[in-house]
Student: 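If you scroll down you'll find the structure; I have some questions about it.
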Amino acid sequence: MRAWSLFGALSAASGVTLATADAIEPSNFNVTEGLEQLGVKVSSIPALKSFSGIQARSTDGACAAACGSLKFLFGSQQVNAQNSTLYNNFTNSFWSEQQEEVQPYCVFRPSVNTQVSIAVLLSRLTGCPFAARSGGHAAFSGASSSAGGISIWFKDMNAVKLNADKSVASIEPGNNWLSVYSALEPYGLATIGGRASSIGVGGFVLGGGISYHSNLYGWALDNVQSFEVVTAAGLIVTASETVLPDLYWALRGGGNNFGLVTKYNLYTIPCPTMRGGARIFTENYFSEVINAFINVVNNATVDGKAQQYVAFLQTQGTNIATAELTYVEDVADPEIFQQYRSIPAIADSTSTKTLVEYVEYLESDNPFGYREIYWPIAVQLNEEFSNWVVDLFMSLIPQVIDLAGANPVIIYQGITLPMLKNMTNYGGNALGLDASKGPVHLMHISFWWDDSSDDDTVYEWVYSFWTQVIAKAQDMGIYNEYIYMNYASMFQDPIAGYGEANKERLRKIANVYDPTGVYQTLQPGYFKLNNGSPVTYSL
Ligand SMILES: Cc1cc2nc3c(=O)[nH]c(=O)nc-3n(C[C@H](O)[C@H](O)[C@H](O)COP(=O)(O)OP(=O)(O)OC[C@H]3O[C@@H](n4cnc5c(N)ncnc54)[C@H](O)[C@@H]3O)c2cc1C
Ligand SMILES: *[C@@H]1O[C@H](CO)[C@@H](O)[C@H](O)[C@H]1NC(C)=O
Ligand SMILES: *[C@@H]1O[C@H](CO)[C@@H](O)[C@H](O)[C@H]1NC(C)=O
Ligand SMILES: *[C@@H]1O[C@H](CO)[C@@H](O)[C@H](O)[C@H]1NC(C)=O
Ligand SMILES: *[C@@H]1O[C@H](CO)[C@@H](O)[C@H](O)[C@H]1NC(C)=O
Ligand SMILES: *[C@@H]1O[C@H](CO)[C@@H](O)[C@H](O)[C@H]1NC(C)=O
């Protein structure tokens, strides 16, 4: 009903439908009336009757009212209180331990989009903060769970539906990539999605999304037909290249700043059987591995079926490089990987796999429940520099390798020319990347360890490493300010890395779709438009 009245107020000109700010959220928007239009009779909710301005001044009072209201409306299966089995199931199932430690006031599991609208408006009415979780793979505290607030878990909104001609899959945010690929495989189809099974659709698409198929079609955010979004006023709108194109652009890189996405309508792709696996090399071959890595990045323009990343790490005192080499067709010996195959390997797990088998296989490399940090930077692709960075990384490993459970890894990936060119699809995205300076080299640290008492030691080590690397990249004139949101640490500001013009455009769009800043202040976790990094580095 509300979506209908919105579209009555939209202006359609030359095939593009733009919203007026007033149609999205009038300046006199009344939250109580918004809830009533969604069928919620505010005056009949007991938890709100006893709710007073005095309680509103404490988060606990506000969240007692918000969670109490949700429980009154939807029951304890959908609204889980602290210490309940369902609540513990939520907090125990994040990828990183840092997110598992967060204790929300309640966990809310919406089953349809209007329930998401109601949760956002109850947060506004009471002042209780919220966070939203899809796969829960973001590593740092509070990214997708709200300490003392409402953690919205999309788990039960998990439909995957194909449209009539099977060109678009409509995917709800409770899915991970295993459930998406499993649903589409019987049709011989897939979408641009994650490379490990448990990564959520929700965060992955809004921050970027590097897939096995990205040299053919681009990143996930450049393969979205439309998003269904719950705005700050609880409106349910659909944003595409032609309808609300400003919101559509902003969601392609803008993360959780514009609304809660309740459907990701993604273009489908054909999905033949694949071939790939990890080929592992000892340190004496590192410079040859780096040379092969660079040639494969450059050759993405010649053969888009290949995908690679290379991890450098130490295992049982031995430095190794492990190259994950994937081909999205069952070809035994593709030319593009020949150079890698000419380097002697100590192990090679290459085999023929379906996409479902591939993501299940890769999942085993990324266990749950450790303390974790991901921390990326970007530079222009440069062979000498790539060697220098790995040498520096290996030389610093002894400083941290004896911490309990320490597993520091640096990973090399290319943001290739075909990926960059696809970033102009459908009106472009917010990332601020372009192909003018050639491929971008995405480097990230992935580090897991056991004890919280070592957190600061790890953070300081990574920070100091990147400080040296960035200084050298700046000297060489190859530093790129871009920070990949999906890997970004809490000490980074990916929105600033998109460039001043894109940041300003994102802010202006947020002012239309969320004029009072609900997604900035009531949902404070993860990367915000104005706040800089979630945590200021000062150790
Ligand atoms: C083991 C592992 C493998 C990975 N592999 C890849 C890979 O192959 N390619 C790649 O590009 N990246 C990869 N990543 C990074 C991954 O893309 C990010 O961690 C991403 O944020 C995960 O999304 P999620 O939904 O699981 O995370 P969540 O923690 O659930 O969400 C991340 C952020 O997005 C927000 N969000 C989630 N759903 C919604 C929604 N519906 N509406 C609005 N906001 C929402 C959350 O509130 C949160 O702020 C990997 C990460 C890990 C840990
Ligand atoms: C919002 O609407 C309710 C119900 O109509 C009314 O009681 C309340 O005073 C309004 N609030 C504001 C701030 O106008
Ligand atoms: C949950 O359990 C912990 C530990 O037993 C306890 O300290 C806490 O008060 C409990 N919380 C609630 C809301 O029952
Ligand atoms: C949570 O519940 C699901 C389904 O009931 C179960 O498969 C899973 O193992 C549980 N996870 C945790 C961490 O308790
Ligand atoms: C890839 O790059 C190398 C080195 O530049 C080149 O010799 C090779 O022919 C290229 N083509 C393919 C398809 O791999
Ligand atoms: C994406 O890039 C590839 C490779 O450059 C190109 O063939 C394809 O047409 C692009 N896709 C779109 C939708 O532009």
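Order of listing sets the numbers, starting from 1, for every ligand and every atom in it. The basis for the numbers below is simple: all heavy atoms, side chains too, and nothing from hydrogens, waters or symmetry mates.
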Student: Are E101 and R371 ion-paired here, with the side-chain N under 4.0 Å from a carboxylate O?
Tutor: yes

Student: For F90, is the NZ or CZ atom of R109 found under 6.0 angstrom from the centre of its six-membered ring and inside 45 degrees of the ring axis?
Tutor: no

Student: Just need the protein heavy atom nearest to atom 14 (O) of ligand 5, so name the residue and atom and give the distance.
Tutor: N299 ND2, 3.0 Å

Student: Tell me the protein heavy atom at minimum distance from atom 5 (O) of ligand 5, and give that distance in Å.
Tutor: N295 OD1, 3.7 Å

Student: For atom 9 (O) of ligand 5, what's the nearest protein heavy-atom neighbour? Residue, atom name and distance, please.
Tutor: E335 OE2, 3.5 Å

Student: Return the option from N422, N215, N223 holding the heavy atom at the smallest distance from atom 1 (C) of ligand 6.
Tutor: N422

Student: Geometry only, no angles: is N425 polar-contacting ligand 6 at N/O separations under 3.5 Å?
Tutor: yes

Student: I need the atoms of ligand 1 closer than 4.0 Å to a non-hydrogen atom of N366, numbered in the order shown.
Tutor: 1 (C)

Student: Could you list the atoms of ligand 1 found under 4.0 angstrom from a heavy atom of G136?
Tutor: 24 (P), 26 (O), 27 (O), 28 (P), 29 (O), 30 (O)

Student: Counting only heavy atoms closer than 4.0 Å, does ligand 5 sit against the backbone of V302, its side chain, both, or neither?
Tutor: side chain

Student: Considering only protein heavy atoms, which is closest to atom 4 (C) of ligand 6, and at what distance to one decimal place?
Tutor: P418 CB, 3.9 Å

Student: My understanding is that we take every heavy atom of each candidate and find the minimum distance to atom 14 (N) of ligand 1. Doing that for Y526, Y487, F527, which one comes out nearest?
Tutor: Y487

Student: Return yes if a side-chain donor-acceptor contact under 3.5 Å exists between T326 and Y358, otherwise no.
Tutor: yes

Student: Have a look at F258, W95, Y374, W177 and point out the one with the heavy atom closest to atom 2 (C) of ligand 1.
Tutor: Y374

Student: Could you walk me through whether F368 and H137 satisfy the ring-ring contact (aromatic ring centres under 6.0 Å, His included) test, starting with their C-alpha distance in whole Å, then the side-chain angles of each, then the deciding distance to 0.1 Å, before giving a yes or no?
Tutor: CA-CA 9 Å; F368 275 59; H137 263 261; 5.6 Å; yes

Student: Determine whether the aromatic ring centres of residues F258 and F227 are separated by less than 6.0 angstrom.
Tutor: no

Student: Would you name the heavy atoms of A488 and F527 that are closest together and state the gap between them?
Tutor: CB-CZ, 3.4 Å

Student: Just to check, does A220 reach to within less than 4.0 Å of ligand 1 when the distance is taken from its heavy atoms?
Tutor: no

Student: Show the atoms of ligand 1 that are less than 4.0 angstrom away from any heavy atom in G200.
Tutor: 23 (O), 24 (P), 25 (O), 26 (O)

Student: Quick one: does G255 get a heavy atom under 4.0 Å from ligand 1?
Tutor: no

Student: State whether K503 and E481 are salt-bridged, where the test is any N-O pair (Lys NZ or Arg NE/NH1/NH2 against Asp/Glu carboxylate O) under 4.0 Å.
Tutor: no

Student: Take the SG atom of C63, take the SG atom of C128, and say whether they are under 2.5 Å apart.
Tutor: yes

Student: Report, in ascending order of atom number, the atoms of ligand 6 lying under 4.0 Å from any heavy atom of L216.
Tutor: 1 (C), 2 (O), 3 (C)

Student: Applying a 4.0 Å heavy-atom criterion (strictly less than), which segment of T301 is in contact with ligand 6: side chain, backbone, both, or neither?
Tutor: neither

Student: Which ligand 1 atoms are under 4.0 Å away from a heavy-atom of L206?
Tutor: 42 (N), 43 (C), 44 (N), 45 (C)

